[in-house]
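Okay, structure first, notes after.
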Amino acid sequence: MVFTKLLRPCLTHVNRTTRFLAQHGSQQLTHQVKRNIHATPAILEVKSDLVSSIEQAMERCKVLPPGDLPSFLVEFKEKSSFKIRDMPGQTNVTMSRAFGNEKIKIDFSIDDIQLAQVTKNPKTQVREVASFPVECLITITKGEENGCLMFKTMIEDGDLFIEHVFYHPEADISKKHELVGFKGYLGPDINVLDDDLKRIIYQFLEERDVDEVINLFIPNYIEYKDQKEYHKWLKNLKAFIEE
């Protein structure tokens with residue numbers, strides 16, 4: 001009996017709710033549909049404006065037609081011994097070449113362009129990028145059993161600056177693009193080395209074609225790839241919005 005009494009208020013409430021929906025539900029639903037109909041033009045307008053803005057941004061991108069390459073890249077591929085490994089959609093880029101029994105690799109990331117000062121040309125509205133520093137990790141290996149020589153460097157304004165030179169006994173570490181979590185001795189700051197030793201270290205890299213050509217090419221390539229990835233991102237965004 002107690003259990004039944006406890007249930008009765010709930011059943012009464014349900015009955016009241018049912019009667020209310022029976023009397024007013026259709027009218028409430030009609031009003032809801034009308035509100036949705038009135039909101040639709042505004043939604044479509046925002047969607048159209050967004051697509052239009054994306055299209056304008058795509059037009060301002062400095063990208064070449066598919067299959068075409070900028071002249072600086074064509075010239076580099078014709079003259080340089082370095083090969084470029086660039087995976088679409090990825091930020092890391094690797095350049096590699098052989099030199100005698102050595103395998104030389106240069107790793108860098110297009111993320112470094114985020115440090116650049118970007119302005120817009122007031123007439124064309126095209127993004128213009130000022131010079132920016134680029135971190136490069138240069139690795140040299142001689143097979144799998146001879147360890148790895150690594151150079152932590154920075155490229156800025158066409159010059160390469162070596163920060164550290166260090167040796168690692170495992171050549172596999174050269175497969176990494178960065179030194180996150182590395183606990184080994186990085187060697188002294190190169191600026192404290194004897195001038196002759198420092199000069200010869202730079203010559204050692206120049207002999208392997210890590211020279212002014214590379215120092216100028218890498219920032220240009222970062223700008224080129226950044227524009228490609230940005231244009232692709234805009235294209236994917238537009239396609240998704242239009243679905």
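Each residue takes its place number in the sequence, starting with 1.
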Practice task
Decide yes or no on side-chain contact (heavy atoms from CB on, under 4.5 Å) for Val93 and Ile84, but give the supporting numbers first.
Solution key: CA-CA 7 Å; Val93 180; Ile84 303 170; 4.0 Å; yes
Exercise for the section: List the steps and the verdict of side-chain contact (heavy atoms from CB on, under 4.5 Å) for Tyr230 and Cys61. Expected result: CA-CA 8 Å; Tyr230 176 55; Cys61 279; 3.4 Å; yes
Exercise for the section: Carefully, step by step, assess Gln114 and Phe132 under the rule side-chain contact (heavy atoms from CB on, under 4.5 Å). Expected result: CA-CA 9 Å; Gln114 304 301 325; Phe132 53 95; over 6 Å; no
Practice task
Go through the steps to decide whether Asp159 and Met154 satisfy the test side-chain contact (heavy atoms from CB on, under 4.5 Å), and finish with yes or no.
Solution key: CA-CA 8 Å; Asp159 293 318; Met154 180 77 71; over 6 Å; no
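In this structure, Phe166 CZ and Met150 CE are separated by 4.5 Å, a value rounded to the nearest 0.5 Å. Here Leu137 contributes atom CG and His164 contributes atom NE2; the two are 12.0 Å apart, rounded to the nearest 0.5 Å.
Contact between Gly158 and Leu216 at its shortest, heavy atoms only, is CA-CD2, 3.8 Å. Closest approach of Leu234 and Ile54 over heavy atoms only: O-CG2, 3.5 Å. Considering all non-hydrogen atoms of both residues, Lys47 and Glu243 come closest at NZ-O, 3.7 Å. The shortest heavy-atom contact between Asn92 and Ser109 is OD1-CB, 3.6 Å. Minimum interatomic distance between Lys238 and Met58 (heavy atoms only, all atoms of both residues): CD-SD, 4.1 Å. The nearest pair of heavy atoms linking Asp112 to Pro133 is CB-O, 3.7 Å.
With sequence neighbours excluded, the residues that form a side chain to side chain donor-acceptor pair (under 3.5 Å) with Asp86 are Tyr221, Lys225. Partners of Asp189 according to the side chain to side chain contact (heavy atoms under 4.5 Å, CB included) rule, which considers only residues two or more places apart in sequence or in another chain, are Asn191, Val192. The salt bridge (Lys or Arg N to Asp or Glu O under 4.0 Å) test applied to Asp196 returns Arg199, not counting sequence neighbours. Under the side chain to side chain contact (heavy atoms under 4.5 Å, CB included) criterion, Ser48 pairs with no residue at all, not counting sequence neighbours. For Glu163, the side chain to side chain donor-acceptor pair (under 3.5 Å) partners two or more places apart in sequence, or in a different chain, are Lys152. Here Thr153 pairs with Cys136, Ile138, Phe151, Leu160, Ile162 under the side chain to side chain contact (heavy atoms under 4.5 Å, CB included) rule; sequence neighbours left out. Here Asp209 pairs with Arg97 under the salt bridge (Lys or Arg N to Asp or Glu O under 4.0 Å) rule; sequence neighbours left out. Applying the side chain to side chain donor-acceptor pair (under 3.5 Å) criterion to Tyr224, with sequence neighbours excluded, gives no partner residue. A search for salt bridge (Lys or Arg N to Asp or Glu O under 4.0 Å) contacts involving Lys103 returns nothing, not counting sequence neighbours. Residues that satisfy the side chain to side chain contact (heavy atoms under 4.5 Å, CB included) test with Gln56, not counting sequence neighbours, are Ser52, Arg60. Residues satisfying the salt bridge (Lys or Arg N to Asp or Glu O under 4.0 Å) criterion with Glu135, sequence neighbours excluded, are absent altogether.
The main-chain N or O of Ile222 is never found under 3.5 Å from a side-chain atom of Asp226 such that the two would form a donor-acceptor pair.
Taking 4.5 Å as the limit, some side-chain heavy atom of Glu102 sits within range of a side-chain heavy atom of Arg208.
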Could you give the side-chain donor-acceptor pairs of residues 67-76 under 3.5 Å, partners two or more places apart or in another chain?
from  : atom 1 : to    : atom 2 : distance (Å)
Glu75 : OE2    : Lys79 : NZ     : 3.2

